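Okay, structure first, notes after.
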Protein chains: 2
Amino acid sequence: MRETAKPLRSGELARLTGVSTDTLRHYERLGILPAAPRTTAGYRMYAPDAPERVHLVRQAMRLGFTLDELTEILGARDRGEVPCGRVLAMMEAKLGALEQRIRELREAQRAMQALVRNWRVQLQRTPRGSKAGLLQSLTTKADLPAGAPEHLKRRKQT
Amino acid sequence: MRETAKPLRSGELARLTGVSTDTLRHYERLGILPAAPRTTAGYRMYAPDAPERVHLVRQAMRLGFTLDELTEILGARDRGEVPCGRVLAMMEAKLGALEQRIRELREAQRAMQALVRNWRVQLQRTPRGSKAGLLQSLTTKADLPAGAPEHLKRRKQT
DNA sequence: CTTGACCCTGGAATCGATTCCAGGGCGCAT
DNA sequence: ATGCGCCCTGGAATCGATTCCAGGGTCAAG
């Protein structure tokens, strides 16, 4: 049934995958996406499996792979090599890092919970507008784990 | 016993707190550290309680506060205001974000563990150098949670 | 033939925290 | 007075991923 199929334009691919066309171009520049063939007018024509590739990239990023790493891995794959072993190794490393990171964050969480509980009480029994020294307490009960912060900022991937 | 005490030089404060002098200057620029008085030669003289302040900053960052937020909070405190209430509110928000983030990472972890297990098997039962399609499997079992990655990169805080 | 939606380009900007740089003073010990 | 280690300055660079920009084509509908 399906013929050689209709190529996608960049905007369509973007919509299908939830990334901006800018980002698609960016990936192409890095070699993460193969250079798409062009129409005579210079428009990119993406093969129907392009969304899958983009999806792959996003999933991998979600697991902590960087664009550089993906360039490396996917490049190898595109060259016909079989990077599976390498990928597995990287994956295991990523997983280790992730576990480590989760441990750190749990520690920070614990500390924060204690702090918040404490502060709520402190604040309540403090008259009004007189300093309860909440901040100050941070310096004294300096028992938080090392190296936890980093970022818990942006959660939407635009 | 202790007199008015000996002021610290920037290098000493840096060593005591584990931050670089560059970072100290940076904090001062942002107003996170009050402008230190100077010797006639222009050297900064930090009061003996300066390490405490720096420590406070690092702890707060560890909990997810940004430098901007600290500028705001500490600035208020330095101006004699009592930012405890505000701090508590921010703290609660941070905690919420942190919990959210931890949840995401655990999800990613779960997915990765499954993937790694799977891949180990796959790879073992694949002859040698023939593509096991590990990467490919990422696109199909696309059941990872949304918005987890971000960074689990640098773990040393230099 | 004009309008509006879409596409192209490369280089620059953004976010946050930290570091690096060059060019120039101190201060103490030899 | 020479050297070495420390200090000063402000502006720029770094990391990674994404976005923004300006100036310019393309295409289909009206």
Side-chain angles (χ1 to χ4, degrees), chain A residues 7-33 35-46 54 57-72 94 97 147-158, chain B residues 7-33 35-46 54 57-72 94 97 147-158:
Chain A
L8 298 161
R9 281 180 301 162
S10 57
E12 293 172 326
L13 179 56
R15 232 167 289 117
L16 281 172
T17 56
V19 269
S20 71
T21 58
D22 266 326
T23 299
L24 289 178
R25 284 202 322 113
H26 186 48
Y27 288 174
E28 184 177 306
R29 273 197 279 236
L30 293 182
I32 286 176
L33 295 182
R38 305 300 187 97
T39 69
T40 52
Y43 289 15
R44 285 177 183 77
M45 300 184 300
Y46 288 103
V54 175
V57 170
R58 309 264 25 172
Q59 293 289 21
M61 290 188 68
R62 190 161 295 158
L63 298 185
F65 285 81
T66 70
L67 293 185
D68 272 359
E69 288 166 338
L70 287 174
T71 301
E72 146 91 354
K94 295 286 175 201
E150 200 55 24
H151 29 31
L152 21 159
K153 27 183 188 183
R154 63 185 79 160
R155 53 211 64 280
K156 55 178 304 190
Q157 48 198 354
T158 310
Chain B
L8 298 160
R9 280 181 302 165
S10 57
E12 292 171 328
L13 179 56
R15 233 167 288 118
L16 281 172
T17 56
V19 272
S20 70
T21 58
D22 267 326
T23 299
L24 290 178
R25 286 202 321 113
H26 186 48
Y27 289 174
E28 184 176 307
R29 275 198 277 235
L30 294 182
I32 285 176
L33 296 182
R38 305 301 186 99
T39 69
T40 51
Y43 289 15
R44 286 178 182 77
M45 299 185 301
Y46 288 103
V54 175
V57 170
R58 310 272 8 178
Q59 292 289 20
M61 290 186 68
R62 190 161 293 159
L63 298 184
F65 286 82
T66 69
L67 292 186
D68 272 358
E69 289 166 337
L70 287 174
T71 301
E72 145 92 354
K94 295 287 175 200
E150 200 54 24
H151 28 30
L152 22 159
K153 29 181 187 182
R154 62 184 80 157
R155 54 211 61 281
K156 56 178 301 190
Q157 47 198 356
T158 310

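A quick note: this is a predicted structure, and the numbers were derived from the prediction, not measured.
- The distance from atom CD1 of A/I32 to atom CG of A/D68, rounded to the nearest 0.5 Å, is 7.5 Å.
- Annotation: the span from B/F65 atom CZ to B/R58 atom CZ amounts to 15.0 Å, rounded to 0.5 Å.
- Computed from coordinates, the B/E28 CD to C/dA17 P distance equals 18 Å when rounded to whole Å.
- Both B/R29 and B/T39 lie near DNA chain C, and the one whose nearest nucleotide falls closer to the 5' end is B/R29.
- Contact check, A/Y27 against D/dT18: a side-chain N or O comes under 4.0 Å of OP1 or OP2.
- Counting distance only, with no hydrogens placed and no angle test, the side-chain atoms of B/R9 and the base atoms of C/dG27 include no donor-acceptor pair under 3.5 Å.
- One interatomic measurement links the two molecules: CE of B/M45 to C1' of C/dC26, which rounds to 15 Å at whole-angstrom precision.
- The distance from the CD atom of B/E72 to the OG1 atom of B/T66 is 9.5 Å, given to the nearest 0.5 Å.
- For the pair B/E72 CD and C/dG16 P, the interatomic distance rounds to 15 Å; values are reported in whole Å.
- Comparing the helix axis at one end of the helix from C/dC1-D/dG30 to C/dT30-D/dA1 with that at the other, each defined from 5 consecutive pairs, gives an inter-axis angle of 30° (nearest 10°).
- The shortest distance between the side-chain N/O atoms of B/R38 and the OP1/OP2 oxygens of C/dG25 is not below 4.0 Å.
- At D/dC6, none of the side-chain N or O atoms of B/R44 fall inside 4.0 Å of OP1 or OP2 (strictly under the cut-off).
- For B/E12, there are no side chain to side chain donor-acceptor pair (under 3.5 Å) partners two or more places apart in sequence or in a different chain.
- The phosphate of D/dA17 has neither OP1 nor OP2 within less than 4.0 Å of any side-chain N or O from A/T23.
- Atom pair B/D68:CG and C/dT18:C1' shows a separation of 15 Å (rounding to whole Å applied).
- Taking 4.0 angstrom as the limit, A/T66 places none of its side-chain polar atoms (N or O) nearer than this to OP1 or OP2 of D/dG16.
- With A/T71 contributing its side chain and A/L67 its backbone, the two residues share a donor-acceptor pair below 3.5 Å.
- Projected onto DNA chain D by closest heavy-atom contact, B/R25 and B/E12 fall at different nucleotides, the more 5' of which corresponds to B/E12.
- Every residue two or more places apart in sequence or in another chain was checked for a side chain to side chain donor-acceptor pair (under 3.5 Å) with A/T21, and none qualifies.
- Note: CZ (A/F65) to C1' (D/dG16) measures 16 Å, nearest angstrom.
- The side chain of B/T21 contributes no N or O atom lying less than 4.0 Å from OP1 or OP2 of D/dC7.
- What you find for A/L13 and A/T17 is that their closest heavy atoms are O-OG1, 2.7 Å.
- Regarding A/D22, its CG atom lies at a distance of 15 Å from the P atom of C/dC6, rounded to whole Å.
- For C/dG27, its base never sits under 3.5 Å from the side chain of B/Y43 at any donor and acceptor pair.
- Proximity note for B/M61 (side chain, C-beta onward) versus C/dT19, C/dT18, D/dA17: the nearest is C/dT18.
- We find that CG of A/L8 is positioned 15 Å from P of C/dC6, with the value rounded to whole Å.
- Applying the 4.0 Å criterion to OP1 and OP2 of D/dA17, one finds that A/R62 has every side-chain N and O outside that range.
- Atom-to-atom, CD of B/E69 to C1' of C/dG16 comes out at 12 Å; the value is rounded to the nearest Å.
- The distance from the OG1 atom of B/T39 to the CZ atom of B/R9 is 9.5 Å, given to the nearest 0.5 Å.
- If you check D/dT26, D/dT19, C/dC7 against the side chain of A/H26, the one that comes closest is D/dT19.
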